[in-house]
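Below you'll find the structure, written out as structure tokens, and then a few comments.
Fair warning: this is a prediction, and the values are worked out from it, not measured in the lab.
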Amino acid sequence: MTNPEAEIRIPRFDAYERVMHWMAALSFFYATLTGLALWSPKLYWMATMLGGGYHIRGSHPWVGIVFAVVMGVMARRWAKGMRLDADDRVWLTRMHKYATHDHAALPPSGRFNAGQKMLFWTQLAATLALFLSGFVLWFPEWMPRSLRLLSIAAHPLAAIGSITSILVHVYMGTAAVPHSMRAMLRGYVLPEWARFHHPKWYKTWRASNDV
Amino acid sequence: MIVAKLIDTTLCIGCKACEVACQEWNDQEYTMGTFDGSYQTKPELEYNFWNLIKFNEVEKDGATSWLMSKYQCMHCADAGCLAACPAPGAIVPLANGTIDFVHENCIGCGYCITGCPFDVPRLSPTSKKAYKCTLCSDRTAVGLEPACIKTCPTNCLTFGERDELLRMAETRAGELKADGFADAGVYNPQGVGGTNVLYVLKHASEPEQYGLPKDPVIPWTVSLWKGPMKWMGTFMFWGTVLGAFFHFVIYGPQDPEKHGHPADKAEAPPKEPNDKS
């Protein structure tokens with residue numbers, strides 16, 4: 001006798017979305033390490049580890065471009081599904097219930113919950129700020145001084161917001177929500193997981209799949 | 001001992017010998033610029049041209065005067081380039097007050113250009129590293145005066161102990177005042193903690209006429225980044241990491257078996273699958 005749960009696999013992220021996500025993750029990781037190295041002398045050892053300051057000054061902007069492009073692709077794919085609905089707005093006011101595992105007090109989520117949607121929009125805004133200010137900082141000789149002065153503060157500020165929200169994202173995707181990593185690595189989730197975390201999405205799947 | 005350069009702009013005759021001496025001592029090739037109708041050698045400093053005599057033509061009281069000024073790194077006590085530099089050891093303040101660039105540590109980001117309120121450093125188009133006047137640190141280290149000072153034929157330039165030069169500058173400004181230049185004074189901007197390049201100006205209340213900024217300071221965005229923003233970032237990164245860790249310690253992972261389902265319960269999954277896709 002087989003375990004029924006192991007047999008039903010609900011596809012959650014297709015290969016396109018998984019590659020997109022992990023390209024964003026890897027480029028973000030590299031840009032974060034090199035960015036932190038240039039942010040504080042105390043973290044400059046990261047630059048040494050990654051090939052030296054002169055090298056990372058060259059590579060950080062290029063990797064940043066890769067990240068920005070992938071975020072653009074991600075926005076094309078996901079932006080529509082990331083709009084907040086009425087349930088999401090209620091969900092956001094009860095975020096503390098989510099954090100304390102009082103799930104009965106929460107309105108049901110769709111394919112993405114309101115927290116994931118907020119992360120998406122935060123990252124998209126931060127990416128735009130990082131891209132624009134980063135472009136200015138890339139070519140100091142050609143940029144007007146006023147823009148450089150603005151960017152020298154805006155770039156780290158956007159990065160702090162972005163890195164902080166990604167730290168939360170990593171915690172949620174690993175320790176806090178078991179089995180969510182499988183969705184992004186292998187592409188599928190199990191019915192019980194879908195029903196608990198994304199009830200409305202699960203319902204839609206049930207409706208169109210005869211199980 | 002803090003050393004300094006004193007530039008008495010009233011004695012400059014625009015001979016440009018200091019420009020030549022700078023190029024010679026630092027072994028820099030002269031790259032041709034464009035002729036723009038000025039006696040000035042170049043419109044701006046360049047990565048391989050660190051000392052520029054500015055020929056400022058100023059209309060004043062119905063007469064045209066030529067206000068000479070020698071433009072180079074000011075060797076600020078509170079240096080904006082150093083504040084903005086992200087590469088440890090690339091910009092080094094020497095014990096004698098010189099701000100020196102160490103090129104093997106320079107990463108070529110150009111932040112020093114943004115941090116400098118005098119717009120002095122320049123990036124080399126080939127190495128992409130930043131260059132500027134070294135106050136001839138390779139000469140002063142062995143007791144010689146900088147090349148520009150050594151060559152100046154009019155004693156417009158003086159090198160020595162900073163306090164003594166400041167006294168000399170004040171004396172000279174007093175002489176100019178006695179000669180009828182009521183606005184004469186010393187340029188030693190306090191916004192950057194004072195500079196180790198001092199000027200005597202006939203029109204001290206209008207340094208812009210000499211091509212010098214009126215009240216140079218380290219840009220506040222640089223101070224914000226290097227000051228409060230570091231604390232904020234450190235607080236947020238560690239706060240989030242520790243917050244996540246203790247959240248896990250207190251509440252543990254989310255568990256469908258234990259934590260109750262969201263309000264609108266969906267149908268339970270089937271016990272037996274008939275979908276093998």
Side-chain angles (χ1 to χ4, degrees), chain A residues 4-5 7-9 37-41 44 47 52-54 56-58 87 99-109 137 139-141 145 148-150 152-154 156-157 159-160 163-164 167-168 171 175-178 190-197 199-200 202-203 206 209-211, chain B residues 84 86-88 90 105-111 113-115 119 122-123 125 128-129 219-222 224-225 229-230 232-234 236-237 239-241 243-245 247-248 250-277:
Chain A
E5 294 252 324
E7 293 298 321
I8 300 177
R9 294 177 169 193
L38 299 178
W39 179 61
S40 167
Y44 198 69
Y54 191 73
I56 67 164
R57 186 267 183 263
D87 281 339
T100 53
H101 298 331
D102 187 4
H103 289 252
L106 292 168
S109 296
L137 296 173
F139 304 105
E141 313 102 295
R145 186 172 160 78
R148 280 184 279 133
L149 287 173
L150 180 70
I152 216 167
L157 197 64
I160 289 170
I163 294 168
T164 305
L167 287 173
V168 176
Y171 171 60
V177 181
L190 301 181
E192 184 53 33
W193 187 96
R195 192 172 79 96
F196 179 70
H197 293 287
K200 283 197 288 188
Y202 171 74
K203 262 179 151 174
R206 280 295 304 267
N209 286 270
D210 181 28
V211 288
Chain B
N105 293 332
C106 175
I107 64 171
C109 64
Y111 276 25
I113 304 172
T114 304
D119 188 30
R122 292 286 183 277
L123 293 185
K128 302 287 179 198
K129 298 194 175 196
W220 68 269
T221 50
V222 172
L224 179 72
W225 162 42
M229 212 184 279
K230 281 224 164 114
M232 189 185 102
T234 308
M236 284 183 68
F237 295 154
T240 309
V241 169
F245 177 73
H247 179 266
F248 191 79
I250 296 166
Y251 295 105
Q254 292 180 12
D255 188 346
E257 301 285 314
K258 282 192 275 182
H259 292 144
H261 279 59
D264 180 16
K265 277 191 184 176
E267 297 165 66
K271 290 286 173 251
E272 292 295 330
N274 54 20
D275 185 308
K276 302 273 172 80
S277 59

> So which part of A:Ala99 gets closer than 4.5 Å to some heavy atom of chain B, the side chain, the backbone, both or neither?
Replying inline: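 Contact with chain B involves both backbone and side-chain atoms of A:Ala99.
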>> Please classify the contact between A:Ala175 and chain B as side chain, backbone, both or neither, with a heavy-atom cut-off of under 4.5 Å.
In response: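 Interface part for A:Ala175: both.
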Nearest 0.5 angstrom please: [X] [atom1] to [Y] [atom2], how far?
X	Y	atom1	atom2	result
A:Glu192	B:Glu257	CD	CD	6.5 Å
A:Trp39	B:Thr234	CH2	OG1	4.0 Å
A:Ile163	B:Phe237	CD1	CZ	4.0 Å
A:Tyr171	B:His247	OH	NE2	5.0 Å

Considering all heavy atoms of both residues, which atom of [X] and which atom of [Y] are nearest to each other, and what is their separation?
X	Y	value
A:Ile160	B:Gly233	CD1-CA, 3.7 Å
A:Tyr44	B:Ile107	OH-CG2, 3.4 Å
A:Ala153	B:Met229	O-CE, 3.4 Å
B:Gln254	A:Pro178	O-CD, 3.5 Å

Greatest number of heavy atom pairs closer than 4.5 Å to chain A - which of [options]:
options	value
B:Ala244, B:Pro86, B:Gly110	B:Ala244
B:Lys258, B:Met236, B:Lys230	B:Lys230
B:Ala84, B:Pro88, B:Pro219, B:Ala90	B:Pro88

> Given A:Leu157 and B:Leu224, is the side chain to side chain contact (heavy atoms under 4.5 Å, CB included) satisfied, shown in steps?
Replying inline: CA-CA 10 Å; A:Leu157 197 64; B:Leu224 179 72; over 6 Å; no
> How would you list, by chain and number, every residue that makes a side chain to side chain donor-acceptor pair (under 3.5 Å) with B:Thr114, sequence neighbours excluded?
Replying inline: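 Applying side chain to side chain donor-acceptor pair (under 3.5 Å) to B:Thr114 gives A:Arg148.
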> Side chains of A:Arg195 and B:Pro256: does their closest heavy-atom pair fall under 4.5 Å?
Replying inline: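 A:Arg195 does not reach B:Pro256 side chain to side chain.
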>> Quick one, A:Pro140 and B:Leu123 - any side-chain contact, counting heavy atoms below 4.5 Å?
In response: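 A side-chain contact under 4.5 Å exists here.
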>> Please identify, among A:Thr164, A:Ile56, A:Asp87, the residue contributing the most non-hydrogen atom pairs under 4.5 Å to chain B.
In response: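 Most pairs with chain B among the choices: A:Thr164.
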>> One pair to check against side chain to side chain contact (heavy atoms under 4.5 Å, CB included): A:Arg57 and B:Lys128. What are the steps and the verdict?
In response: CA-CA 10 Å; A:Arg57 186 267 183 263; B:Lys128 302 287 179 198; 6.0 Å; no
> Is a donor on one side and an acceptor on the other found under 3.5 Å between the side chain of B:Thr221 and the backbone of A:Leu149?
Replying inline: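 Present.
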> Is A:His101 reaching over with its side chain to a backbone N or O of B:Gly252, donor-acceptor style, under 3.5 angstrom?
Replying inline: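 Yes; judged by distance alone, with no hydrogens or angles, the pair exists.
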> With sequence neighbours excluded, what pairs up with B:Phe245 under the ring-ring contact (aromatic ring centres under 6.0 Å, His included) test?
Replying inline: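 Partners of B:Phe245 by the ring-ring contact (aromatic ring centres under 6.0 Å, His included) criterion come out as none, since no residue qualifies.
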> Looking at A:Tyr54, does the NZ or CZ of B:Lys129 lie under 6.0 angstrom from its six-membered ring centre and within 45 degrees of the ring axis?
Replying inline: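 Judged by the rule (NZ or CZ under 6.0 Å from the ring centre, within 45° of its axis), B:Lys129 counts as positioned above A:Tyr54.
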> By a 4.5 Å heavy-atom criterion (distance strictly below it), what part of B:Asp255 contacts chain A: side chain, backbone, both, or neither?
Replying inline: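 For B:Asp255, backbone heavy atoms alone lie under 4.5 Å from chain A.
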> Tell me, side chain or backbone of B:Ile113 under 4.5 Å from chain A's heavy atoms, or both, or neither?
Replying inline: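 Both backbone and side chain of B:Ile113 come within 4.5 Å of chain A.
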